[in-house]
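Reading through the structure tokens given below for one structure.
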Amino acid sequence: MFNSALVLTFKQKLYEMSKKMKFPLIALVVFLTYSCHEDIDDELDPASDAEINDFIWKGMNVFYLYKSDVPDLADDRFNSDEEYTEYLNSFDSPETLFNSVLRDDDEFSIIVEDFRVLEQSLDGVSLDSGMRFGLALIESSGEVFGYVRYVVNDSPADQQGVERGMLFNKVSGEVLTENSDFSGLFSQQNFSIGLAELNGSSVEALDQTIDLTQVEITENPIHRTNVIDMANDKVGYLMYTGFIDDFVNQLNSVFGQFASENITELVVDLRYNSGGNISTAEDLSSMITGQFNGELFATQAFNNNFEDRDILFDNETSSGASINSLNLNRVYFITTSSTASASELVISALSPYIDVVQVGTTTTGKFQGSRTIYDSPDFTRQNANPNHKYALQPLVLKTVNANGLTDFSNGLTPDVEQSEDLTNLGQLGEPTEPLLSNILNIIGNGRTSPQHLPFEYEIIGETKMNTPDFQRMYTNEKLISPQIP
């Protein structure tokens, strides 16, 4: 018979162990790990595509969230080893097989040829210039330009004088269009941006370029904090760009400072935050609140191979430190179409418990989470096949809030809709920045400011849109898995 019996044996052992230990089934699986494992940089004998394809099919058969919607992933798909082998050999590359077993509307599952790149990316380490940008298409003219959203401190872009609000319409001398190869342009180790300005809805090039170099940097996701004194309130502001577990202690310190200054209102700026670690999302939510310790934060729903799992509000961070909680009953979030996954989880998970005011534009609409799957007996990094470095990051779960909210594929709609004015971005964290200014107006007198944009535009690209960590929401719980004979 076909060797899927091994996969089914794996699932049965997981199930039996979960019953004995009274853990949810998924809790017996080791999720993404990066450290404390042997280095497997050297391949002993390069794996064949058939060997890699075997790993891909088995991994997706066990973990893929939408397995039941993909006939080729069914447990009874093959009647013999020969039929299975013929199936694996029918694909011209591992990527082709992987893409063939994704549900048609799955835009987020990925396969990587070198899992070390993925691991670094999820840890906030990347090769880039530090310029965080968006790419906008002017609807009336069809012209494309880039705009600087912010700059990573002490990065090459920062050292070269790049600032938020700068506009550019050329990269390495090439004028940007809707059909430009953005991935190629921005992946060069050395490139330049040609600055521009807007004249009405037209883009006009300036006689100024800035040369940039891409280096390995680790971005601190706590980009800016501030405390703003108002007549009757103290407003805390946090510009947070990614849910990275390594910085959770620094995040906790920020909330300790907010608590020491007795803030009465909080603004969490997630406008450019495309997601990250689920446990960090829970930590942030517990810092904002604190009065719901032990209550349901969200449920992780898996495919039928696993039992669903509840995540609870906690009073300790993932590192074991006591959480500095603000015990707030209201929080303001700034969002855009770049706000995704773990950012959306925080918004949806807090909504059943406190007053959540969302200002900006509709979010991405990603409620699913991923895990990294390696080619090893239990799909963890330990004992991974040394003959290749392929890994999978498929969707393996979806989040459900305490009121049952999930599947919001069209995004989370703001309470107060306000687009960024690309001709007047303002300085992040300053009371004059347009979106923050509007929130302060709501806090101060309960009214919103009218919005008048000079032209309509569509965001067609942004920094890291082609990197492994883009719009990721993932789990990295380090639990013990059974050994498969």
Side-chain angles (χ1 to χ4, degrees), residues 221-241 243 247-271 273 278-298 311-318 321-335 339 342-360 363 399 401-403 405 412 414-416 428-429 431 433 435-448:
I222 305 165
H223 181 71
R224 175 79 197 277
T225 64
N226 196 10
V227 175
I228 301 167
D229 287 307
M230 300 180 66
N232 299 310
D233 292 283
K234 267 195 169 185
V235 182
Y237 171 86
L238 166 66
M239 175 65 183
Y240 193 55
T241 63
F243 291 82
F247 291 90
V248 71
N249 289 334
Q250 293 185 37
L251 183 64
N252 199 33
S253 295
V254 168
F255 277 79
Q257 185 65 30
F258 284 157
S260 70
E261 298 202 38
N262 298 310
I263 68 166
T264 56
E265 302 282 357
L266 176 66
V267 179
V268 182
D269 195 337
L270 301 175
R271 72 182 79 188
N273 190 318
I278 290 175
S279 67
T280 309
E282 185 273 318
D283 285 345
L284 173 61
S285 301
S286 296
M287 293 172 194
I288 293 169
T289 55
Q291 64 270 45
F292 306 110
N293 183 40
E295 296 190 42
L296 179 65
F297 171 69
I311 308 172
L312 307 180
F313 285 96
D314 199 359
N315 57 11
E316 289 187 351
T317 68
S318 55
S322 296
I323 283 180
N324 296 317
S325 298
L326 299 180
N327 296 291
L328 294 175
N329 292 309
R330 178 173 54 236
V331 62
Y332 295 84
F333 290 107
I334 297 177
T335 66
T339 305
S343 291
E344 294 171 294
L345 173 59
V346 171
I347 296 169
S348 65
L350 287 176
S351 294
Y353 295 97
I354 65 174
D355 184 14
V356 172
V357 183
Q358 184 182 339
V359 177
T363 62
T399 57
N401 80 357
N403 287 344
L405 176 64
L412 300 174
D415 301 285
V416 178
L428 295 168
E433 188 275 313
L435 279 93
L436 178 56
S437 175
N438 203 1
I439 292 176
L440 297 178
N441 197 33
I442 295 170
I443 294 172
N445 57 39
R447 296 193 302 271
T448 62

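What you are looking at is a predicted structure, and each value in this text was computed from that prediction instead of being measured.
Under the 4.5 Å side-chain criterion, counting only non-hydrogen atoms from C-beta, L238 is in contact with L251. Between I288 and L266 there is a side-chain heavy-atom pair separated by less than 4.5 Å. Using a 4.5 Å heavy-atom threshold, the side chains of M230 and V235 count as touching. Contact check for I439 versus I443: side-chain heavy atoms found under the 4.5 Å cut-off. Contact of the V227 side chain with the I263 side chain is registered, since non-hydrogen atoms from C-beta on lie closer than 4.5 Å. Counting heavy atoms from C-beta on, the side chains of L350 and F333 come closer than 4.5 Å. At a threshold of 4.5 Å between non-hydrogen side-chain atoms, the residues F292 and L312 do not count as touching. No side-chain heavy atom of D283 sits less than 4.5 Å from a side-chain heavy atom of F243.
With sequence neighbours excluded, no residue forms a side chain to side chain donor-acceptor pair (under 3.5 Å) with S325.
Between D233 and T264, the side chains place a donor N or O and an acceptor N or O closer than 3.5 Å (distance only, hydrogens not considered). Using modelled atom types and a 3.5 Å distance limit, the side chains of Q291 and N329 yield a donor-acceptor pair.
The structure places OG1 of T225 at 11.0 Å from CD of Q250, a figure rounded to the nearest 0.5 Å. Note that CG of D229 is 8.0 Å distant from CD of E261, once rounded to the nearest 0.5 Å. Here CG of L326 is found 11.5 Å from OG of S286. Values are rounded to the nearest 0.5 Å. Distance CZ/R224 to CE/M239: 11.0 Å, rounded to 0.5 Å. Note that CG of N403 is 8.5 Å distant from OG of S351, once rounded to the nearest 0.5 Å. Note that the OG atom of S279 and the CG atom of L284 stand 11.5 Å from one another [nearest 0.5 Å].
At distances below 3.5 Å, not a single donor-acceptor pair connects side-chain atoms of N315 with backbone N or O atoms of N293. Judged by distance alone, with hydrogens and angles left aside, the side-chain atoms of N445 form a donor-acceptor pair with the main-chain N or O of R447 at under 3.5 Å. Checked by atom type and distance alone, the side chain of S343 never pairs as donor or acceptor with a backbone atom of L270 at under 3.5 Å. The backbone N or O of D355 sits nowhere less than 3.5 Å from a side-chain atom of R330 that would complete a donor-acceptor pair.
What you find for T363 and L412 is that their closest heavy atoms are OG1-N, 2.7 Å. Nearest heavy atoms, L436 versus I334: N-CD1, 4.2 Å. The two residues G290 and N327 come nearest to each other via the heavy atoms C-OD1, 3.5 Å. Of all non-hydrogen atoms in N273 and Y240, the two that sit nearest each other are ND2-O, 3.1 Å. Closest non-hydrogen pair, T289 versus S285, comes out as OG1-O, 2.8 Å. Across all non-hydrogen atoms, the minimal contact from N401 to S348 is ND2-O, 2.9 Å.
A salt bridge does not link K234 with E265: none of the charged nitrogens is closer than 4.0 Å to a carboxylate oxygen. A salt bridge links E433 with R271: the distance from a Lys NZ or Arg NE/NH1/NH2 to an Asp or Glu carboxylate oxygen falls below 4.0 Å.
Crowding of N232 atom CG: a count of heavy atoms from other residues, nucleotides or ligands under 6.0 Å not exceeding 12.
Aromatic pair F313/Y353: ring centres closer than 6.0 Å.
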Go through the steps to decide whether V254 and I222 satisfy the test side-chain contact (heavy atoms from CB on, under 4.5 Å), and finish with yes or no.
CA-CA 9 Å; V254 168; I222 305 165; 4.0 Å; yes
Do N324 and F258 pass the side-chain contact (heavy atoms from CB on, under 4.5 Å) test, and can you show the C-alpha distance, the side-chain angles, and the key distance before you say yes or no?
CA-CA 9 Å; N324 296 317; F258 284 157; over 6 Å; no
Take T280 and F247 through the test side-chain contact (heavy atoms from CB on, under 4.5 Å) and record every step on the way to the result.
CA-CA 9 Å; T280 309; F247 291 90; over 6 Å; no
With side-chain contact (heavy atoms from CB on, under 4.5 Å) as the test, would you mind laying out the steps for T335 and V359 before giving the verdict?
CA-CA 6 Å; T335 66; V359 177; over 6 Å; no
